[in-house]
Structure formats: structure tokens, C-alpha cells
*Asks:* 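Handing you this structure, nothing more for now.
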There are 2 protein chains.
Amino acid sequence: MVRPVKKKQIPNLQEAIKETAWKQIAEFGTPALSLRAIARELKITAPAIYNYFPDRDALVTALIIDAYTSFGDSQIEARDAVKGDNDLARLLAIGLAYRNWAHTHPQRYQLIFGTPIPGYEAPKMEVLPSAARSLSALVSIVEKLRVAGKLKITTFPRVKKEYQESFEIWKKYGGDADLLSMSVAMIIWSRVHGIVSLEIANNLPPFGSNGDELYMYEMNSIAKQFFTE
Amino acid sequence: MVRPVKKKQIPNLQEAIKETAWKQIAEFGTPALSLRAIARELKITAPAIYNYFPDRDALVTALIIDAYTSFGDSQIEARDAVKGDNDLARLLAIGLAYRNWAHTHPQRYQLIFGTPIPGYEAPKMEVLPSAARSLSALVSIVEKLRVAGKLKITTFPRVKKEYQESFEIWKKYGGDADLLSMSVAMIIWSRVHGIVSLEIANNLPPFGSNGDELYMYEMNSIAKQFFTE
DNA sequence: CACTGTAAATATACAGTGTTTATTTACTCT
DNA sequence: AGAGTAAATAAACACTGTATATTTACAGTG
């Protein structure tokens, strides 16, 4: 047997490969990702995968983009779930959703923000649209608060000139916003990421009865330092 | 030829293996670490390594402990280089040394705090002594400031009961300190790690002409929020 | 000095990986 | 009906970590 008839083939093999990849990542961890193992489970041969992804890194890139999209969805949902005009409540909702998503999908989180794949480096330009979108919820709220005059700070270290250009690309996919807002969003992100990444790597003991009090403390610090009311 | 005479052997092969490992990590990145490649460079066979490390993970663990030690050295040096009794200056010195070490040895930083080795998970109990020591400089200064009455805050989320025990072990290697001081040290650590890990993974554009102004901003925020004077 | 036991290296082999090449087949279009 | 194309397989290559058996260099002892 060389090639099964279409009826016995898996429809939408491209999607099936990604699904199987996620399944195996969830079960055996990100670094155990193996093309041959995926092929085995799908009952195809390994080189068949090359019809859908030029190499393993391309598959990883596709997974990362999917992860960013899922992550971004949860951020945007959290923002839009808050009714009324309390944008500080929205900021908090986004922050909680961030940690929640990371704890629900620790492997995906590490896939995006860590470097768990041997020799893999993400191709910036391919990933950027979904990456920018995933942080757009945070940026949009900081920007709204700034426009409403609720941003406490007015000056901030500026990004190096040669990088301001990449901010422009960022805006294209992450939504327009003032440079100040984007910078504040980034420092908020760095704080949130600091806690979450240490938690996920098991380097932080859980503070509070549910392990989330340290995080709430930090959410509060952020609100107090950067915003009024 | 089966076994070279001693004169032609490499003295202290255990150290030589680690050195070669670091060399290759620096050159080709952490995930490319390969026992066979190390053996090739040392002109021995791969199984010979097993006389010194039971498996690849044991070698990685040894590397991690060395990295923690080097990192801890730089932290302690930075603390002790500040003369006089200005402990806030010491805190800043430690913070700057943190970022500096990470940028000088990005692969070591990722080796310690990321998860760049396929399938590897650090054995907590083996690594803890050097890990605890590496943060002891920060803890000691926070504790000094607390004793001097310069700690602004007096309450903080408490660590889950079942984890307070691990804090006790921590004290054994990281120096005695109040639980409050250790908790404050941890949140400071999480903020610093947040920025540095994003910087190293190339996920943050450089703020300021030298790329360090965002970090200075954060150092300032920490000092202002947690300490007086 | 000869002998023996041990420790450290090699040689070989196994199962796994990503990837390349050539080949075969199923399906589509003219 | 026949030709062309796309998608799969088969086989092979160069790697990887690791286990086993074997060989050898050296240290210690009678």
C-alpha cells in the first residue's frame, strides 16, 4: 500500500497535524514535540508532514501563532466582558485573564514566551500580527485611560529611535495608541509576565491561600502607581 | 587504540566536560547541547562521559549549579562593593548587577530560569542551595532595611502554609531573614526578572539610548514603593 | 617483580530524531 | 482515454542519548 484512497484519508490534514501536536505537547511537554510521533499517531509517514509544513520550525511557528491567537482572544473577551465605563475594572479583568490563561495552558505560555524548542527561533515578522493583537487589549485600555486623563505619569523613557519604526508596525496589528500608552503597557506586561513566568516554572511559592494574592497585590500596585481614581 | 596512556589523557575530565559544554552553549545556544559533540571536541567517545555524569540531565544540573554560583557571586560582589551604610545604594547595585550578569550570560540565564533543555526538569533539592545563595544578597539587604525601619509596608500576602517549610530550607542556604523581607525580595525579583527575561528573549524593545532606562525606571519604582528615604 | 582487581576508556549496537530523495499512486483535467 | 499533477510512501542519511560488553592502564599486594 502506497497511498490510501481519499475516503480513508484524514480530511484537513494540516489542522489534524496541529491538533495532534497540541495533544502531544499537553501530554509530554513542549520539548518532546516530534514529527515522527505525530505521524505515528495519525498513521501516516513522517515525510508526509512536509507537504503541509516545510520543516519542523514552520510547524512550531504555526503553533505559536495559534497560541497567540487563543491568548489574544481571551484577553479581548475579558476586556469586553466588563460592562459600563469602569476602565480600571477592565484593566483588572485583563490582568486576571492573563494569569488565568497562562495557568490553564502553561505549555502554550512557555511556547510563546520561553524558548523550549531546541534551536528554534521565532520568525518575528510572521508572528508579529498575532503577537501584537494579543497585547492590544491591554494597550487599548491604557490608551483609553490616558485619553480620559487618568494616566498619572506624563513622561517615560523613550524607545530607541531605530525601534520606533517597529512600533509603527505594531500599531498596524495591535491598534493605534500613543507611544506613552504603549510604553506603560509594556512595563505592566513585564511585571505581570515576571510573576506568571516564575509561577509556571515553579520558581515562586504560592502566596495566599489560593496562590493568587501576590498577583492581586501586584495588580493593585500597578493601578496605584500608574493611574488615578 | 582503546585507551590512551594517562599522560595523553585530559586531566580533570569532569571539569573539561563542563567547560566544553559551556563553550558549545555559548556558541550554538543552550538547546544544541550534545554529549556526542562534547566528546568529539575532547577527542573521547561519548560513553566516556558517563563515567563522570550518570546521564545528560546530570550534566545539565551540574551546569545549572555552576551558573547559579557564578550569578550569586556577582550579586554578592555587587552588594559588598558599596562602601558605607547606604543600603538603598546597595539595593540598586544588586539590581544593576542582576541585569548585567543576565546580559553578559544570556544562555546561562535562560538555563537557570527558562526551560531550554528538551525534557529536562531541575531536581529542586540539588539545585536549591546554590539557588538560594544567589538571591541571598537581595534578601539580606531587604532584611537590613526592614530592621532599620525603612520598609514602608508592614503587611504582605503570606505564603501558603505547606510552603513555609520550604522557606525554612531556603533560610539555611540563603541566610536568615524575616518572612516579610523574603516576600518583598521575591516580588522585587519577579519585577526584575520580568524585564530581563523579556529583554533576553528579544520581546522588549530597548528603552532609552542605552536600553537601560526602563530598567532604571523600574528600580526607582521599587525603591519608592517599598522603602523610605 | 609478577599478579590481580578495579576503574576508565573504547567498540558496538539500539532506538529514536529531522530531513532528503526517488518512487508510486490517486485524482483531475483536457 | 490519456496526460499531468499532487500527495503519499519507501528507503536512506546523519544525527542524537544511552546500554552493554570488552579492552586496557594503572594501583596495590604477595
Side-chain angles (χ1 to χ4, degrees), chain A residues 1-18 20-21 24-25 27-64 111 115-123, chain B residues 1-18 20-21 24-25 27-64 111 115-123:
Chain A
M1 158 194 163
V2 174
R3 190 190 168 190
V5 291
K6 203 177 187 183
K7 289 177 183 175
K8 296 215 169 187
Q9 280 182 263
I10 298 148
N12 209 346
L13 197 44
Q14 172 132 13
E15 273 310 308
I17 290 167
K18 286 199 288 184
T20 310
Q24 298 194 353
I25 283 175
E27 194 162 356
F28 308 108
T30 317
L33 186 66
S34 152
L35 295 186
R36 289 184 118 111
I38 292 170
R40 246 187 326 265
E41 184 153 337
L42 289 174
K43 300 192 173 177
I44 59 174
T45 59
I49 295 177
Y50 285 72
N51 288 316
Y52 302 94
F53 302 95
D55 53 19
R56 195 200 49 164
D57 286 5
L59 170 59
V60 173
T61 300
L63 294 176
I64 285 178
L111 188 63
T115 51
I117 301 280
Y120 175 81
E121 208 166 330
Chain B
M1 158 192 163
V2 175
R3 190 192 168 189
V5 291
K6 205 178 187 184
K7 289 177 184 174
K8 297 216 169 185
Q9 280 182 264
I10 298 147
N12 209 348
L13 197 44
Q14 174 130 11
E15 273 311 309
I17 290 167
K18 286 200 287 184
T20 310
Q24 297 195 353
I25 283 176
E27 194 162 355
F28 307 109
T30 316
L33 185 66
S34 152
L35 295 186
R36 289 185 115 110
I38 292 169
R40 248 190 322 267
E41 183 152 338
L42 289 175
K43 299 190 174 179
I44 58 174
T45 59
I49 296 177
Y50 285 73
N51 288 315
Y52 302 94
F53 301 96
D55 53 18
R56 193 200 51 164
D57 286 7
L59 171 59
V60 173
T61 301
L63 294 177
I64 286 179
L111 187 63
T115 52
I117 301 282
Y120 175 80
E121 208 167 329

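We name chains A, B, ... by the order of the sequence lines, and we start the count at 1 in each one. In this text the structure is predicted, and so the values were computed from the model without any measurement.
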*Asks:* According to the salt bridge (charged side-chain N to carboxylate O under 4.0 Å, His left out) rule, which pairs have a member within residues 41-54 of chain A, sequence neighbours left out?
*Replies:* A:Lys23-A:Glu41
*Asks:* Taking the side chain of B:Arg56 as its heavy atoms from C-beta onward, which of D:dG17, C:dG16, C:dT10 lies nearest to it?
*Replies:* D:dG17
*Asks:* Whole angstroms only, please: what is the CG-P distance between A:Asp57 and C:dT17?
*Replies:* 17 Å
*Asks:* Just the rounded figure in Å: distance from P of D:dT16 to CZ of B:Phe28.
*Replies:* 11 Å
*Asks:* Round to a whole Å and report the spacing from OH of B:Tyr52 to P of C:dA7.
*Replies:* 13 Å
*Asks:* Round to the nearest Å and state the distance from A:Leu59 atom CG to C:dT19 atom C1'.
*Replies:* 14 Å
*Asks:* Of the nucleotides D:dG17, D:dA8, C:dA11, which one has an atom closest to the side chain of A:Leu13?
*Replies:* D:dA8
*Asks:* Quick one: which of C:dA8, D:dA8, C:dG18 gets closest to the side chain of A:Leu35?
*Replies:* C:dG18
*Asks:* What heavy-atom pair brings A:Ile17 and A:Tyr52 nearest, and what distance separates the two atoms?
*Replies:* CD1-CD1, 3.9 Å
*Asks:* Between atom CG in B:Asn51 and atom P in D:dT18, what is the gap in whole Å?
*Replies:* 14 Å
*Asks:* Any N or O donor-acceptor pair linking the side chain of A:Arg36 to the base of C:dG16 at under 3.5 Å?
*Replies:* no
*Asks:* Of all residues at least two apart in sequence or in a different chain, which pass the side chain to side chain contact (heavy atoms under 4.5 Å, CB included) check with A:Asn12?
*Replies:* A:Gln14, A:Glu15
*Asks:* Using whole Å, report how far CZ of A:Arg40 lies from C1' of D:dT9.
*Replies:* 16 Å
*Asks:* Base, sugar-phosphate alone, or nothing: which one does B:Ser34 contact when heavy atoms must sit under 4.0 Å apart?
*Replies:* sugar-phosphate
*Asks:* Not counting sequence neighbours, which residues clear side-chain hydrogen bond (donor to acceptor under 3.5 Å, both in side chains) with B:Thr61? List them please.
*Replies:* B:Tyr120
*Asks:* Nearest 0.5 Å, what's the CG-CZ distance between A:Leu35 and A:Arg40?
*Replies:* 11.0 Å
*Asks:* Please write out the pairs of protein N or O atoms and N or O atoms of nucleotides 20-22 of chain C separated by less than 3.5 Å, giving the distance to one decimal.
*Replies:*
none

*Asks:* What distance do A:Leu59 atom CG and A:Ile64 atom CD1 have between them, rounded to the nearest 0.5 Å?
*Replies:* 10.0 Å
*Asks:* Check A:Thr45 against A:Ala39 and note the closest heavy-atom contact, atom names and distance.
*Replies:* C-CB, 3.7 Å
*Asks:* Just name whichever nucleotide pairs with D:dG30, Watson-Crick or G-U, keeping both distances under 3.5 Å, else none.
*Replies:* C:dC1
*Asks:* I need the CD1-C1' distance between A:Ile44 and D:dT9, as an integer number of Å.
*Replies:* 11 Å
*Asks:* Tell me the interatomic distance from B:Ile17, atom CD1, to C:dA8, atom P, rounded to whole angstroms.
*Replies:* 12 Å
